[in-house]
Each structure stands twice: as structure tokens, then as C-alpha cells.
Amino acid sequence: MEIKYYQEGFYITKDISNNSFSFDLRSKDPLGKTEIFVPRCVHGFIDDVAISNNIAIQEYNENNELITGYGIKNFINTLVYAKETVIVDNHNHSFYFWYQALYNKTIKKGCTLIHIDQHSDLRSPAVFLDTLSLNHIFEYTNTYLNVGNYIIPAIKTSLIQKVVQIRTETKLFEQELLCYKNTILNIDIDFFYDSSNLERKKDVIIKLAKNASFITIALSPFFIDQKTAINILNFLFG
């Protein structure tokens with residue numbers, strides 16, 4: 001895949017995208033930062049995924065503790081079980097790469113999204129897309145989208161026709177998941193925070209990956225320790 005609009009890393013300093021979470025509170029907190037970093041995307045391998053010194057997200061948890069999530073050094077475009085795959089930190093970046101896969105004819109409109117995540121990510125953004133040029137999608141992804149609201153816009157443009165939510169172990173083990181064609185396998189590593197039955201989960205993930213047309217994987221630095229996330233990533237796909 002030719003990488004177009006993530007060729008260089010950049011900072012988000014405004015109250016937008018993943019920098020919008022508690023932006024005003026963070027600006028008054030001595031430990032708060034008011035900018036986050038989005039890295040470039042490079043071609044590589046699972047082994048190339050590494051933790052960055054740059055903050056990808058910062059937000060308060062349910063105990064009002066400020067959580068600082070460090071991102072990865074680069075987004076990685078790779079092959080997983082012979083399927084094109086992009087690995088990101090915050091999940092909304094997957095949105096851009098879905099459309100790049102569409103432009104590259106890796107997927108077709110009307111996809112089924114197999115969404116494996118602790119969270120539904122089905123919130124609606126304040127603004128929806130009005131044009132589908134890749135440069136506009138890139139700007140939209142990094143302005144209006146965040147980790148919780150990037151799926152609905154893809155449904156609105158008919159890129160995604162059906163969403164299969166897998167948020168429990170029981171749902172993951174349903175064999176009917178393999179019947180779908182033209183699928184995006186969209187994985188959040190935080191789903192595997194519960195380490196029980198990892199071998200069985202891996203077996204299912206391998207089958208889903210081999211059946212998928214395109215794969216996106218998020219390490220979600222706000223929701224899971226990144227060393228743990230990378231270990232899980234290597235266990236599942238290394």
C-alpha cells in the first residue's frame with residue numbers, strides 16, 4: 001500500500017480529535033499536557049511496533065486520575081496471515097486507512113466490520129463527511145474523530161454496511177463469524193486485557209484474519225498498558 005497522508009508525524013495542539021478529552025481541565029493541571037502526537041505510518045513488521053516517548057492521549061479515568069497514554073513510534077503497515085494490516089495507537093486512525101484500502105481496491109463498499117473491542121466505538125461525531133477525497137478524510141480523521149466515534153461516519157458513507165460487535169469471549173467463539181465476505185477485521189488489543197483462554201482466542205483471530213479483506217489493529221494507550229499490548233500483539237500475530 002502506498003502511504004499518502006501519514007507520511008510525517010505531527011502534533012495536535014487544538015481542542016480537537018483525541019486531544020479534546022478534558023482539554024480545559026488538562027490545561028489547568030500541572031501534570032496536564034495540551035498536545036498529542038500522531039506518528040507517521042511506515043512499512044514494516046510486527047516486531048517494529050515500539051512504544052514512543054510522545055503522548056498519544058491524556059484523559060482522566062473514573063477515579064479522576066490523569067492517565068497519560070504514550071503512543072507508538074510509527075504506525076505499521078504490514079501483512080498479517082497474508083492480509084494487509086495497519087497497526088495504530090488510537091483507534092480512530094483506522095478510519096483513514098479503511099478509505100485508503102477502498103481507494104486501493106483492497107476492499108469494496110458495503111463491507112462488514114468485525115469489531116473486536118471492549119468498547120462499541122459507536123458515538124456520533126459533531127460533523128459528518130461531505131467529500132471522500134483522501135486528503136479530506138485525513139483531515140477529518142484528525143479533527144472530528146476520536147477513539148469512540150469513528151464507525152458511524154463509515155456507515156453514513158456506505159463504506160460499512162454491517163457491524164458485528166464482538167465485546168465478549170462468548171461472541172468471539174461464535175463460528176458464524178467466518179461466513180462474512182468483504183470484511184474489515186478491526187481489533188482493539190484492549191479486548192485481550194482479560195488473558196484467559198488466550199490460546200483459543202488466538203485460534204479464532206487467525207481464522208478471522210485469514211478470512212478478512214483488510215485488518216486494522218489499535219493498541220489503545222489509554223485503556224491498556226502498552227508493554228502488555230505489544231506482548232499480546234506479538235502473541236496473536238508475531
Side-chain angles (χ1 to χ4, degrees), residues 5-41 49-76 86-97 115 117-130 135-154 156 167 186 188-194 216-233:
Y5 291 100
Y6 281 86
Q7 291 181 343
E8 301 292 338
F10 58 95
Y11 288 93
I12 296 178
T13 59
K14 296 179 181 180
D15 182 4
I16 57 174
S17 189
N18 293 307
N19 201 34
S20 65
F21 296 112
S22 303
F23 183 86
D24 290 337
L25 285 176
R26 286 187 285 119
S27 67
K28 299 170 186 175
D29 189 326
L31 299 177
K33 304 295 182 182
T34 54
E35 67 178 22
I36 58 175
F37 186 73
V38 179
R40 64 177 181 160
C41 185
V49 178
I51 301 171
S52 168
N53 292 322
N54 292 308
I55 296 172
I57 191 168
Q58 194 179 57
E59 168 66 312
Y60 297 91
N61 65 15
E62 64 274 10
N63 297 319
N64 205 33
E65 299 167 325
L66 184 64
I67 303 299
T68 299
Y70 292 92
I72 52 180
K73 290 182 179 179
N74 295 299
F75 295 165
I76 302 294
V86 178
I87 302 165
V88 300
D89 44 29
N90 291 317
H91 217 157
N92 58 297
H93 297 291
S94 298
F95 181 87
Y96 168 83
F97 292 105
H115 181 66
D117 197 332
Q118 281 190 336
H119 311 92
S120 73
D121 297 350
L122 288 175
R123 297 176 185 170
S124 290
V127 172
F128 288 102
L129 279 166
D130 56 7
N135 65 322
H136 185 75
I137 291 169
F138 173 77
E139 292 296 332
Y140 179 77
T141 301
N142 293 286
T143 302
Y144 296 104
L145 299 187
N146 60 45
V147 294
N149 69 4
Y150 63 93
I151 293 177
I152 295 295
K156 292 281 189 182
R167 298 172 62 191
N186 186 46
D188 194 321
I189 293 296
D190 72 5
F191 177 87
F192 302 93
Y193 186 82
D194 176 0
T216 45
I217 304 170
L219 299 190
S220 289
F222 180 74
F223 296 104
I224 184 171
D225 172 77
Q226 292 298 275
K227 288 183 180 179
T228 301
I230 291 174
N231 286 338
I232 294 169
L233 179 73

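If you're wondering where the values come from, they're calculated on a predicted model, not measured in any experiment.
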**Student:** Taking everything shown except E65 itself, do over 12 heavy atoms lie less than 6.0 Å from its CD?
**Tutor:** yes
**Student:** Considering residues at least two apart in sequence or located in another chain, which fulfil the side chain to side chain donor-acceptor pair (under 3.5 Å) criterion with R123?
**Tutor:** none
**Student:** Is there side-chain contact between P153 and P125, with at least one heavy-atom pair below 4.5 Å?
**Tutor:** yes
**Student:** How would you list, by chain and number, every residue that makes a ring-ring contact (aromatic ring centres under 6.0 Å, His included) with H93, sequence neighbours excluded?
**Tutor:** Y6, F75
**Student:** If we only count heavy atoms from C-beta on, is the D117 to F191 side-chain gap below 4.5 Å?
**Tutor:** no
**Student:** If you measure from CG on N90 to CZ on F222, what distance do you get to the nearest 0.5 Å?
**Tutor:** 10.5 Å
**Student:** Any donor-acceptor pair under 3.5 Å linking the side chain of N74 with the backbone of I76?
**Tutor:** no
**Student:** Locate the shortest heavy-atom distance separating R26 from F21; write the atom from each residue and the value.
**Tutor:** NE-O, 2.8 Å
**Student:** Looking at D89, N92, N142, which one forms a side chain to side chain donor-acceptor pair (under 3.5 Å) with N18?
**Tutor:** N92
**Student:** Applying side chain to side chain contact (heavy atoms under 4.5 Å, CB included), run through I152 and L122 and close with a yes or a no.
**Tutor:** CA-CA 6 Å; I152 295 295; L122 288 175; 4.0 Å; yes
**Student:** Taking the side chain as C-beta and beyond, is there a heavy-atom pair between S20 and D15 under 4.5 Å?
**Tutor:** yes
**Student:** K28: what forms a side-chain contact (heavy atoms from CB on, under 4.5 Å) with it, not counting sequence neighbours?
**Tutor:** none
**Student:** Applying side chain to side chain donor-acceptor pair (under 3.5 Å), can you list everything that pairs with D194, at least two apart in sequence or on another chain?
**Tutor:** S196
**Student:** I need the minimum non-hydrogen distance between R167 and H119, along with the two atoms involved.
**Tutor:** NE-C, 3.8 Å
**Student:** Taking only residues two or more places apart in sequence or in another chain, which ones pass ring-ring contact (aromatic ring centres under 6.0 Å, His included) with F23?
**Tutor:** none
**Student:** Tell me every residue that passes side chain to side chain donor-acceptor pair (under 3.5 Å) with D24, counting only those two or more places apart in sequence or in another chain.
**Tutor:** none
**Student:** What's the separation between atom CD1 in I232 and atom CD in Q226, rounded to the nearest 0.5 Å?
**Tutor:** 10.0 Å
**Student:** Do Q58 and T68 have side chains that approach each other closer than 4.5 Å (heavy atoms only, starting at C-beta)?
**Tutor:** yes
**Student:** Compare every heavy atom of I151 with every heavy atom of S120, then report the nearest pair and how far apart it is.
**Tutor:** O-CD1, 3.6 Å
**Student:** Atom OH in Y150, atom OG1 in T141: separation rounded to 0.5 Å?
**Tutor:** 11.5 Å
**Student:** Could you list the residues that satisfy ring-ring contact (aromatic ring centres under 6.0 Å, His included) with F37, not counting sequence neighbours?
**Tutor:** Y11
**Student:** Quick one: does any side-chain atom of S17 pair with a main-chain N or O of L145 as donor and acceptor, under 3.5 Å?
**Tutor:** yes
**Student:** Could you walk me through whether E59 and I67 pass the side chain to side chain contact (heavy atoms under 4.5 Å, CB included) test, one step at a time?
**Tutor:** CA-CA 5 Å; E59 168 66 312; I67 303 299; 5.9 Å; no
**Student:** To check you understand the geometry: which heavy-atom pair defines the closest contact between P221 and A56, and what is its length?
**Tutor:** CG-CB, 4.1 Å
**Student:** For D130, enumerate each residue passing the side-chain contact (heavy atoms from CB on, under 4.5 Å) test, keeping only those at least two apart in sequence or located in another chain.
**Tutor:** H136
**Student:** Testing the basics here: between N19 and I12, what is the closest heavy-atom pair and its distance to 0.1 Å?
**Tutor:** ND2-O, 3.3 Å
**Student:** Taking side chain to side chain donor-acceptor pair (under 3.5 Å) as the definition, give me every residue that meets it alongside Q118, ordered by chain and number, with sequence neighbours left out.
**Tutor:** none
**Student:** Apply side-chain contact (heavy atoms from CB on, under 4.5 Å) to S94 and list each qualifying residue two or more places apart in sequence or on a separate chain.
**Tutor:** V88, H91, W98, N186, T216
**Student:** Ignoring hydrogens, what is the shortest heavy-atom contact between I189 and I224? Give both atom names and the distance.
**Tutor:** O-CD1, 4.0 Å
**Student:** Is there a side-chain contact between D188 and V147 (heavy atoms, below 4.5 Å)?
**Tutor:** no
**Student:** So do the side chains of K156 and L129 get within less than 4.5 Å of each other, counting heavy atoms only?
**Tutor:** no
**Student:** With sequence neighbours excluded, tell me which residues meet side-chain contact (heavy atoms from CB on, under 4.5 Å) with Y5.
**Tutor:** Y96, L134, N135, F138
**Student:** Rounded to the nearest 0.5 Å, what's the gap from CD1 on I51 to CD1 on I230? Could you check?
**Tutor:** 4.5 Å
**Student:** Measuring from I36:CD1 to K14:NZ, what's the distance to the nearest 0.5 Å?
**Tutor:** 13.5 Å
**Student:** Could you tell me the separation between the CG atom of N54 and the OH atom of Y70, rounded to the nearest 0.5 Å?
**Tutor:** 9.5 Å
**Student:** With sequence neighbours excluded, tell me which residues meet ring-ring contact (aromatic ring centres under 6.0 Å, His included) with Y140.
**Tutor:** F95, Y144
